[in-house]
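Keep in mind that the numbers below use all heavy atoms, side chains included, and drop hydrogens, waters and symmetry copies. Chain A is the first sequence line, chain B the second, and so forth, proteins listed ahead of strands; every chain is numbered from 1. Remember, it's a predicted structure, so these values are computed and weren't measured experimentally.
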There are 2 protein chains.
Amino acid sequence: MKKRRVKLEDIARKLNISIATVSRALDKNPRVKPSTREKVFETANAMGYMPNQIAKSLSSGKTNIIGVIIPRYDEPFFIEVCRGIDHYAREHHYKILISSSRNSFEFERENLISYEKGLVDGIILSPTHETETFIHIQNIINKGIPVVLFDNIKQKVNGATHVIIEDDKASFSAVEFLVKKRKKTIAFIGGIKEKKVFQDRFKGYLKALKKHNIAVDDRLILHCSSLDREYEDAEIQNFFNRIPIQPDAVFACTDNYGLLAMKTLLNLGYKIPEDVSVIGFGDLGLGQIFVPSMTCIAQPSFEMGQKVAELLIDQLHEIDDVVPQKKVIKLDTKLVLRDST
Amino acid sequence: MKKRRVKLEDIARKLNISIATVSRALDKNPRVKPSTREKVFETANAMGYMPNQIAKSLSSGKTNIIGVIIPRYDEPFFIEVCRGIDHYAREHHYKILISSSRNSFEFERENLISYEKGLVDGIILSPTHETETFIHIQNIINKGIPVVLFDNIKQKVNGATHVIIEDDKASFSAVEFLVKKRKKTIAFIGGIKEKKVFQDRFKGYLKALKKHNIAVDDRLILHCSSLDREYEDAEIQNFFNRIPIQPDAVFACTDNYGLLAMKTLLNLGYKIPEDVSVIGFGDLGLGQIFVPSMTCIAQPSFEMGQKVAELLIDQLHEIDDVVPQKKVIKLDTKLVLRDST
DNA sequence: TAATACAATGCAAACGTTTGTATTATTAAA
DNA sequence: TTTAATAATACAAACGTTTGCATTGTATTA
């Protein structure tokens, strides 16, 4: 069934020249005579030659593959980042190997180890909420494999570049916006408490309330604990069904939470934005479709992907001896106003 | 900067044994004495040995990587399929290399060629709307690389396994459902005409109308031509803004079209489902969040991914001499009723 | 016409594994 | 003890490239 691949040797034999010459000819190396090169190209085509990437990689020590680890697929933010990575990477002749850590530290570690086997030239990683220790990442870096981290970074990792947004600032400004609209009972819907981004978004919420002398009311605060799409809905419905006071605004830490909140509130008979304003976080398209459309903090996801890829690829091309400056890159967010506020 | 990797040779030298023995010891090959094996494992650990996947692949001729080509990232259906693939693949020790053809035949071909260089053991592909000729796929198969196709297959490819749903049947039953609800002016929102799945879904629509003696009215039919999320919205808004008759139902060929239709209709003052019913296609979660929630044809995307991966991996494990039976697998859809009808 | 330069090509090692076969060491049987 | 059997290990080729260095061929100069 499986056909034997044509290799350099086959071309060499047919033309009665050496493998080295064939290799160089295909490389357009000026050391081989134009006429020879032509002949090589012709027979290579005729024979259907296709270089063996694996052999090339073994010889060169480069695979031109970037390993990407995200906590989950079913979060549009991560997919959008991947799209950004793919865009930049392809332009620079890299391919991407994506895997999901499924919100599990163990999976994240396993993935990292599998990448350590030399399959990838560098790694882009967004740590899970479970990730408390970073030695598994440090280990990889110590082996000389460049790593770029994005989103949800609990701890600065020495030698890695970080790309983040300022979650606390962003949520602070969103909540302050609500306060300035004279909202007094602002509900907060966050995600799992263990996740740094949610912690920071919560901090921003608290800070805005404090600044404007609004008392924090625990009954208005929900930290969703679901890791799956299916349970988030129930959790948020529960929350609003039982809430003892009527909120006049909701600040949600993701677009999805925001949409689910709007859905639940509408079903409970609230009018948006008359009775209650809602702000989401992310701005990944769905907020624009919902009726009413949702005000969001726009996070530059695609751009984040591009940036992350750019930084990694830059690092891959650095001269080995130059000890590179590792950086923390902060991308800007902005509040996009729509009908829900 | 870059540390030299520890290799078998280093372990061998340290223990004064041969590379072959080290290799076999790590493989737990019974040909090496238990005590030797122990020593090998110990020093391997102590030295931080990590096998070189590339070298392994070159030697074994297997990479344990599956190449996946999808037309676009920003279509939840494809991501859900990828998630299914990832799930099944990981369980069977395969990794996935994803790339997007960006709705372009040329990109699809390029990706395929890049995979042909021996990087992947097999390929999962969903052809673009531009893909008319299938020789690039046939070529790959002829080289002995297994290919499984899913969604949007215009032409049966010899030697490839196909996984599809019966788009015409599914849309027929959805439209018939509307007819039975006494809907007479049923609008159709499809995608680019060149895409087989949209052609089939349109056929189902026509067939249902015909069966129930409802005249086809071109003014009720929209074939969206946008390939980008951003333009779809405008196209659908335009359509409903200018529509000369009031539809009493809308059958949309994707969830996104359905949601955009609902949004536009609501903004135009229609009541859903009182004035107009809406059915979407896909059922990827968003329909449940929208208010009112959207009735959908549920397409088993995750399962499709799993199935596709299963079929490919089965093929990869087939004995080479056995000429395998290539199949066309049809997955079931069902109509999920919600508030929009 | 011999010496010299340089263009074109070839040889062989290297990349890090795996694995068939050969070799050596050890044990059991005669 | 020597022989036969078997267990343990070693050798070397193979996977398909790339590349530094050596070699051959050709043209230029004196």
Side-chain angles (χ1 to χ4, degrees), chain A residues 2-41 43-44 47-65 114 116-121 143-145, chain B residues 2-41 43-44 47-65 116-121 143-144:
Chain A
K2 197 137 197 170
K3 306 273 181 355
R4 210 181 61 77
R5 291 177 71 102
V6 178
K7 45 184 177 173
L8 292 183
E9 195 187 338
D10 300 318
I11 303 176
R13 196 173 357 236
K14 174 155 278 177
L15 292 175
N16 252 309
I17 57 180
S18 75
I19 297 178
T21 303
V22 178
S23 171
R24 286 196 257 257
L26 291 172
D27 241 30
K28 304 212 170 129
N29 186 318
R31 274 171 59 186
V32 5
K33 184 163 57 173
S35 67
T36 314
R37 185 206 302 165
E38 297 250 311
K39 272 190 290 181
V40 169
F41 268 94
T43 39
M47 301 178 76
Y49 172 73
M50 197 51 75
N52 180 321
Q53 188 55 49
I54 298 296
K56 275 191 163 164
S57 292
L58 181 60
S59 181
S60 69
K62 300 271 159 229
T63 61
N64 279 274
I65 298 179
S114 125
E116 197 181 340
K117 304 189 199 226
L119 233 176
V120 303
D121 291 344
K143 296 233 175 185
I145 302 174
Chain B
K2 198 136 195 168
K3 305 273 179 2
R4 209 181 61 79
R5 293 177 70 103
V6 178
K7 46 184 174 173
L8 292 183
E9 195 188 338
D10 301 318
I11 303 176
R13 194 172 358 234
K14 175 156 280 181
L15 292 175
N16 253 311
I17 58 181
S18 76
I19 297 179
T21 301
V22 177
S23 171
R24 291 195 169 99
L26 291 172
D27 243 29
K28 304 212 169 128
N29 185 317
R31 273 172 58 183
V32 5
K33 183 161 57 174
S35 68
T36 314
R37 183 207 302 165
E38 297 251 310
K39 271 191 292 181
V40 169
F41 269 93
T43 37
M47 300 176 78
Y49 172 72
M50 198 51 74
N52 181 322
Q53 188 56 48
I54 298 297
K56 276 191 160 159
S57 293
L58 181 60
S59 181
S60 68
K62 300 269 158 230
T63 61
N64 278 276
I65 299 179
E116 197 182 339
K117 304 187 200 227
L119 233 177
V120 303
D121 291 344
K143 296 232 175 186

Which pairs would a plain distance check flag for residues 20-41 of chain B, meaning a side-chain donor or acceptor within less than 3.5 Å of a matching protein atom at least two apart in sequence or in another chain?
residue: B:T21; atom: OG1; partner: B:S18; partner atom: OG; Å: 3.1
residue: B:N29; atom: OD1; partner: B:R31; partner atom: N; Å: 2.7

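For the pair A:V32 and B:S60, both in contact range of DNA chain C, the more 5′-proximal nearest nucleotide belongs to A:V32. Both A:V6 and A:R24 lie near DNA chain D, and the one whose nearest nucleotide falls closer to the 5' end is A:V6.
Contacts of A:N64 classified as side chain to side chain donor-acceptor pair (under 3.5 Å), with partners at least two apart in sequence or in another chain: none. For B:T63, the side chain to side chain contact (heavy atoms under 4.5 Å, CB included) partners two or more places apart in sequence, or in a different chain, are A:I54, B:S57, B:I65, B:D121. Remark: A:T43 engages A:I11, A:K14, A:L15 in a side chain to side chain contact (heavy atoms under 4.5 Å, CB included) (not counting sequence neighbours). A search for salt bridge (Lys or Arg N to Asp or Glu O under 4.0 Å) contacts involving A:K56 returns nothing, not counting sequence neighbours.
Nucleotide C:dC6 holds its C1' atom 14 Å from the NZ atom of A:K33, rounded to whole Å. The distance from atom CD of B:Q53 to atom C1' of C:dT18 is 13 Å, rounded to the nearest whole Å.
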Contact list (N/O, under 3.5 angstrom) for nucleotides 23-26 of chain C vs protein:
none

Begin from the C-alpha positions of A:D10 and A:Y49 and carry the test side-chain contact (heavy atoms from CB on, under 4.5 Å) through to its verdict.
-> CA-CA 9 Å; A:D10 300 318; A:Y49 172 73; over 6 Å; no
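Here the range on DNA chain D touched by chain A, meaning any atom under 4.0 Å from one of its heavy atoms, is D:dC15 to D:dC21.
Contacts with DNA chain D (heavy atom under 4.0 Å) in residues 10-23 of chain B: B:N16, B:I17, B:S18, B:A20, B:T21, listed by number.
Atom-to-atom distance recorded for A:R5:CZ and B:E116:CD is 7.0 Å, nearest 0.5 angstrom.
Across all strands, A:T36 comes closer than 4.0 Å only to sugar-phosphate atoms, never to a base (heavy-atom distances).
For A:R31 against C:dT9, a side-chain N or O and a base N or O form a donor-acceptor pair under 3.5 Å.
Overall, the helix from C:dT1-D:dA30 to C:dA30-D:dT1 carries an axis bend of 60° between its ends, with five pairs at each end and the value rounded to 10°.
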